Amino acid sequence: MILYPQEIKELLEALFLCSSEPLTLSALAEITGYETADVLEALDLLQQEYTQQGRGFEICEIAGGWMYSTFSKHAPFIEKLVKPRLTSLSQASLEVLSIVAYRQPVTRGEMEEIRGVNCDSPVNTLLERGLIREAGRKDVPGKPIMFATTTDFLKYFGMSSLRDLPELEAEGEEDTGSLFEDAPQQ
(Lines give C-alpha, C1' and ligand atoms only; values in the text may rest on other atoms or scores of the structure.)
Protein backbone atom coordinates (compact mmCIF):
# COMPACT_ATOMS: atom_id res chain seq x y z
CA MET A 1 0.00 0.00 0.00
CA ILE A 2 1.32 3.42 -0.92
CA LEU A 3 1.88 5.67 2.10
CA TYR A 4 1.40 8.94 0.23
CA PRO A 5 -0.65 8.14 -2.89
CA GLN A 6 -1.30 11.76 -3.91
CA GLU A 7 2.41 12.61 -3.66
CA ILE A 8 3.54 9.73 -5.90
CA LYS A 9 0.76 10.37 -8.43
CA GLU A 10 1.74 14.05 -8.71
CA LEU A 11 5.39 13.07 -9.03
CA LEU A 12 4.68 10.54 -11.79
CA GLU A 13 2.58 13.08 -13.69
CA ALA A 14 5.42 15.61 -13.50
CA LEU A 15 7.95 13.05 -14.75
CA PHE A 16 5.74 12.00 -17.67
CA LEU A 17 5.18 15.62 -18.68
CA CYS A 18 8.93 16.30 -18.71
CA SER A 19 9.98 13.16 -20.56
CA SER A 20 9.67 12.64 -24.30
CA GLU A 21 10.79 9.03 -23.91
CA PRO A 22 9.09 6.11 -22.16
CA LEU A 23 10.22 5.73 -18.55
CA THR A 24 10.90 2.18 -17.36
CA LEU A 25 9.42 0.93 -14.13
CA SER A 26 12.87 0.61 -12.61
CA ALA A 27 13.73 4.19 -13.63
CA LEU A 28 10.49 5.49 -12.12
CA ALA A 29 11.19 3.61 -8.89
CA GLU A 30 14.78 4.87 -8.75
CA ILE A 31 13.83 8.49 -9.45
CA THR A 32 10.90 8.59 -7.04
CA GLY A 33 12.41 6.43 -4.30
CA TYR A 34 9.25 4.30 -4.18
CA GLU A 35 9.13 0.53 -4.55
CA THR A 36 8.20 -0.77 -8.02
CA ALA A 37 4.97 -2.26 -6.62
CA ASP A 38 3.98 1.19 -5.29
CA VAL A 39 4.80 2.80 -8.64
CA LEU A 40 2.67 0.22 -10.47
CA GLU A 41 -0.19 0.80 -8.03
CA ALA A 42 0.07 4.57 -8.56
CA LEU A 43 0.12 4.11 -12.35
CA ASP A 44 -3.04 2.03 -12.08
CA LEU A 45 -4.72 4.63 -9.85
CA LEU A 46 -3.82 7.43 -12.25
CA GLN A 47 -5.14 5.49 -15.22
CA GLN A 48 -8.40 4.79 -13.38
CA GLU A 49 -8.76 8.48 -12.55
CA TYR A 50 -8.10 9.51 -16.15
CA THR A 51 -10.69 7.03 -17.41
CA GLN A 52 -13.30 8.16 -14.86
CA GLN A 53 -12.67 11.81 -15.69
CA GLY A 54 -12.87 11.19 -19.46
CA ARG A 55 -9.43 12.62 -20.19
CA GLY A 56 -8.05 12.81 -23.74
CA PHE A 57 -4.93 10.89 -22.81
CA GLU A 58 -3.79 7.86 -20.90
CA ILE A 59 -0.68 6.36 -19.39
CA CYS A 60 0.39 3.42 -21.49
CA GLU A 61 3.20 0.92 -21.57
CA ILE A 62 5.16 1.39 -24.77
CA ALA A 63 8.66 0.47 -25.93
CA GLY A 64 9.51 -1.09 -22.55
CA GLY A 65 8.47 1.91 -20.49
CA TRP A 66 5.54 4.11 -19.49
CA MET A 67 4.48 7.46 -20.92
CA TYR A 68 1.51 9.65 -21.71
CA SER A 69 -0.28 8.83 -24.92
CA THR A 70 -3.28 10.30 -26.68
CA PHE A 71 -6.09 8.14 -27.97
CA SER A 72 -5.89 7.09 -31.62
CA LYS A 73 -9.34 8.57 -32.27
CA HIS A 74 -7.77 12.03 -31.77
CA ALA A 75 -4.95 11.44 -34.29
CA PRO A 76 -6.52 13.39 -37.19
CA PHE A 77 -6.84 16.49 -35.00
CA ILE A 78 -3.38 16.18 -33.49
CA GLU A 79 -1.89 15.82 -36.97
CA LYS A 80 -3.40 19.20 -37.85
CA LEU A 81 -1.58 20.70 -34.86
CA VAL A 82 1.81 19.09 -35.31
CA LYS A 83 3.50 17.74 -38.38
CA PRO A 84 4.32 14.08 -37.77
CA ARG A 85 8.07 13.59 -37.43
CA LEU A 86 7.83 10.59 -39.68
CA THR A 87 5.95 11.02 -42.89
CA SER A 88 4.27 8.06 -44.50
CA LEU A 89 6.56 5.22 -45.43
CA SER A 90 6.72 3.92 -48.98
CA GLN A 91 5.56 0.40 -49.79
CA ALA A 92 9.21 -0.66 -50.24
CA SER A 93 10.18 0.79 -46.85
CA LEU A 94 7.25 -0.94 -45.17
CA GLU A 95 8.23 -4.25 -46.76
CA VAL A 96 11.85 -3.91 -45.60
CA LEU A 97 10.73 -2.80 -42.13
CA SER A 98 8.49 -5.87 -41.88
CA ILE A 99 11.36 -8.14 -42.85
CA VAL A 100 13.64 -6.54 -40.26
CA ALA A 101 10.96 -6.70 -37.55
CA TYR A 102 10.24 -10.39 -38.04
CA ARG A 103 13.68 -11.69 -39.01
CA GLN A 104 16.06 -9.51 -36.98
CA PRO A 105 18.93 -9.38 -36.96
CA VAL A 106 18.95 -9.57 -40.75
CA THR A 107 21.44 -8.53 -43.41
CA ARG A 108 20.71 -6.42 -46.49
CA GLY A 109 21.40 -9.48 -48.67
CA GLU A 110 18.82 -11.54 -46.76
CA MET A 111 16.28 -8.73 -47.21
CA GLU A 112 17.01 -8.61 -50.93
CA GLU A 113 16.66 -12.38 -51.19
CA ILE A 114 13.19 -12.18 -49.63
CA ARG A 115 12.04 -9.14 -51.65
CA GLY A 116 13.81 -10.05 -54.88
CA VAL A 117 15.00 -6.47 -55.44
CA ASN A 118 17.66 -4.08 -54.18
CA CYS A 119 16.95 -2.69 -50.70
CA ASP A 120 19.51 0.13 -50.48
CA SER A 121 17.07 3.03 -50.63
CA PRO A 122 14.48 1.66 -48.15
CA VAL A 123 17.23 0.62 -45.71
CA ASN A 124 18.78 4.10 -45.88
CA THR A 125 15.37 5.73 -45.35
CA LEU A 126 14.64 3.53 -42.32
CA LEU A 127 18.09 4.22 -40.85
CA GLU A 128 17.63 7.99 -41.32
CA ARG A 129 14.24 7.87 -39.60
CA GLY A 130 15.64 5.84 -36.72
CA LEU A 131 13.28 2.89 -37.20
CA ILE A 132 16.13 0.42 -37.73
CA ARG A 133 19.73 0.34 -36.56
CA GLU A 134 22.93 -1.52 -37.29
CA ALA A 135 23.06 -4.57 -35.01
CA GLY A 136 26.57 -5.85 -35.57
CA ARG A 137 28.09 -7.92 -38.32
CA LYS A 138 27.25 -11.46 -39.38
CA ASP A 139 30.07 -13.96 -38.92
CA VAL A 140 30.25 -15.01 -42.58
CA PRO A 141 32.62 -14.05 -45.40
CA GLY A 142 32.40 -10.33 -46.07
CA LYS A 143 30.97 -9.74 -42.56
CA PRO A 144 27.76 -8.00 -43.76
CA ILE A 145 26.00 -5.54 -41.47
CA MET A 146 22.94 -6.89 -39.65
CA PHE A 147 19.92 -4.68 -38.95
CA ALA A 148 17.35 -4.67 -36.15
CA THR A 149 14.45 -2.44 -35.12
CA THR A 150 14.78 0.38 -32.58
CA THR A 151 12.68 1.66 -29.69
CA ASP A 152 11.54 4.40 -32.10
CA PHE A 153 10.04 1.59 -34.21
CA LEU A 154 8.09 0.39 -31.17
CA LYS A 155 6.95 3.93 -30.34
CA TYR A 156 5.99 4.71 -33.96
CA PHE A 157 3.75 1.66 -34.13
CA GLY A 158 2.53 1.93 -30.51
CA MET A 159 3.96 -1.38 -29.36
CA SER A 160 5.31 -2.31 -25.97
CA SER A 161 7.64 -4.97 -27.35
CA LEU A 162 8.21 -7.11 -30.42
CA ARG A 163 5.80 -9.64 -28.92
CA ASP A 164 3.05 -7.23 -29.99
CA LEU A 165 3.78 -7.91 -33.67
CA PRO A 166 0.93 -9.72 -35.44
CA GLU A 167 1.52 -13.41 -35.99
CA LEU A 168 2.68 -14.29 -39.49
CA GLU A 169 0.51 -16.65 -41.48
CA ALA A 170 2.17 -19.57 -43.20
CA GLU A 171 1.72 -19.60 -46.97
CA GLY A 172 -1.61 -21.11 -47.93
CA GLU A 173 -3.05 -20.61 -44.43
CA GLU A 174 -6.41 -18.88 -44.18
CA ASP A 175 -6.83 -15.72 -42.12
CA THR A 176 -8.29 -16.68 -38.76
CA GLY A 177 -8.88 -13.06 -37.79
CA SER A 178 -6.63 -13.28 -34.72
CA LEU A 179 -3.55 -11.38 -35.83
CA PHE A 180 -2.43 -10.29 -32.36
CA GLU A 181 -2.59 -13.61 -30.52
CA ASP A 182 0.69 -15.30 -29.66
CA ALA A 183 2.99 -12.83 -31.41
CA PRO A 184 6.52 -14.11 -32.09
CA GLN A 185 9.05 -14.03 -29.27
CA GLN A 186 12.16 -12.07 -30.29
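In what follows, residues are counted from 1 in the order of the sequence shown. Note that the structure is predicted; figures quoted are calculated from it, not measured.
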Using the side-chain contact (heavy atoms from CB on, under 4.5 Å) definition, which of the options Leu17, Leu23, Leu28 pairs with Leu12? Leu28
Return yes if a side-chain donor-acceptor contact under 3.5 Å exists between Glu10 and Gln6, otherwise no. yes
For Tyr156 versus Leu89, what's the shortest heavy-atom pair and its separation? CE2-CD1, 4.3 Å
Can Arg55 and Glu49 be said to form a salt bridge (charged side-chain N to carboxylate O under 4.0 Å, His left out), step by step? CA-CA 9 Å; Arg55 300 290 180 112; Glu49 287 177 19; over 6 Å; no
Interatomic spacing from OG1 in Thr24 to CD in Glu61 - rounded to 0.5 Å: 10.5 Å
Check for me, please, whether Phe147 and Tyr102 land in the same ILVMFWY cluster - side-chain distances under 4.5 Å, paths through other members count. yes
Pair Glu128, Asn124: side-chain N/O donor-acceptor within cut-off below 3.5 Å: no
When you group the ILVMFWY residues by side-chain heavy-atom contacts below 4.5 Å and let the links chain together, are Trp66 and Leu46 in the same group? yes
Should Asp120 and Arg108 count as side-chain neighbours, where that means a heavy-atom distance under 4.5 Å? yes
Assert yes or no for the condition that the ring centre distance of Phe71 to Phe57 is strictly below 6.0 Å. no
Which heavy atom of Arg133 sits nearest to which heavy atom of Leu127, and what is that distance? CA-CD2, 3.9 Å
Take Tyr68 and Ile62 through the test side chain to side chain contact (heavy atoms under 4.5 Å, CB included) and record every step on the way to the result. CA-CA 10 Å; Tyr68 280 136; Ile62 191 164; over 6 Å; no
What distance do Asp139 atom CG and Met146 atom CE have between them, rounded to the nearest 0.5 Å? 9.0 Å
Just wondering, more than 12 heavy atoms not from Glu58 lying within 6.0 Å of its CD? yes
What is the distance from atom CE of Met111 to atom SG of Cys119, rounded to the nearest 0.5 Å? 6.5 Å
Please tell me whether Glu7 and Tyr34 have a donor and an acceptor in their side chains that are separated by less than 3.5 angstrom. yes
Measure the shortest side-chain to side-chain distance between Leu45 and Ile8 over non-hydrogen atoms and say whether it is less than 4.5 angstrom. no
So do the side chains of Thr32 and Asp38 get within less than 4.5 Å of each other, counting heavy atoms only? no
Would you say Val96 ends up clustered with Leu165 if hydrophobic residues are merged whenever their side chains have heavy atoms under 4.5 Å apart, either directly or through other cluster members? yes
Shortest non-hydrogen pair, Met67 vs Ser20, comes out as CE-O, 3.7 Å
Donor-acceptor pair, Asp164 side chain versus Ser160 backbone, under 3.5 Å? yes
About how many Å separate CD of Glu112 and CG of Asn118, when rounded to the nearest 0.5 Å? 4.5 Å
Side chain to side chain contact (heavy atoms under 4.5 Å, CB included) between Val100 and Val123, intermediate numbers included: CA-CA 10 Å; Val100 174; Val123 167; over 6 Å; no
Nearest heavy atoms of Ser93 and Leu126, plus distance in Å: O-CD1, 3.6 Å
Heavy-atom pair of closest approach, residues Gln104 and Ala148: OE1-CB, 3.1 Å
Whether Lys138 and Glu110 form a salt bridge (side-chain N of Lys/Arg under 4.0 Å from carboxylate O of Asp/Glu) is what I want to check. yes
Is Glu35 atom CD crowded by more than 12 heavy atoms from other residues, nucleotides or ligands, each under 6.0 Å away? no
Shortest non-hydrogen contact between His74 and Gly56, atoms and distance: ND1-O, 3.8 Å
Straight-line distance of Thr125 OG1 to Leu94 CG, nearest 0.5 Å: 11.0 Å
Look up atom CD in Glu41 and atom OG1 in Thr36, then write down how far apart they are to the nearest 0.5 Å. 11.5 Å
Indicate, with yes or no, if Ile59 and Ile31 share a hydrophobic cluster defined by side-chain heavy-atom contacts under 4.5 Å among Ile, Leu, Val, Met, Phe, Trp and Tyr. yes
Do Val140 and Ile145 sit in one hydrophobic cluster, given that two such residues count as connected whenever their side-chain heavy atoms are within less than 4.5 Å of each other, even indirectly? no
Could you give me the CA-CA distance, side-chain angles and deciding distance for Val39 and Leu25, then say whether side chain to side chain contact (heavy atoms under 4.5 Å, CB included) is met? CA-CA 7 Å; Val39 172; Leu25 190 56; 3.6 Å; yes
Run Lys155 and Thr150 through side chain to side chain contact (heavy atoms under 4.5 Å, CB included) and show every step you take. CA-CA 9 Å; Lys155 288 189 325 189; Thr150 64; over 6 Å; no
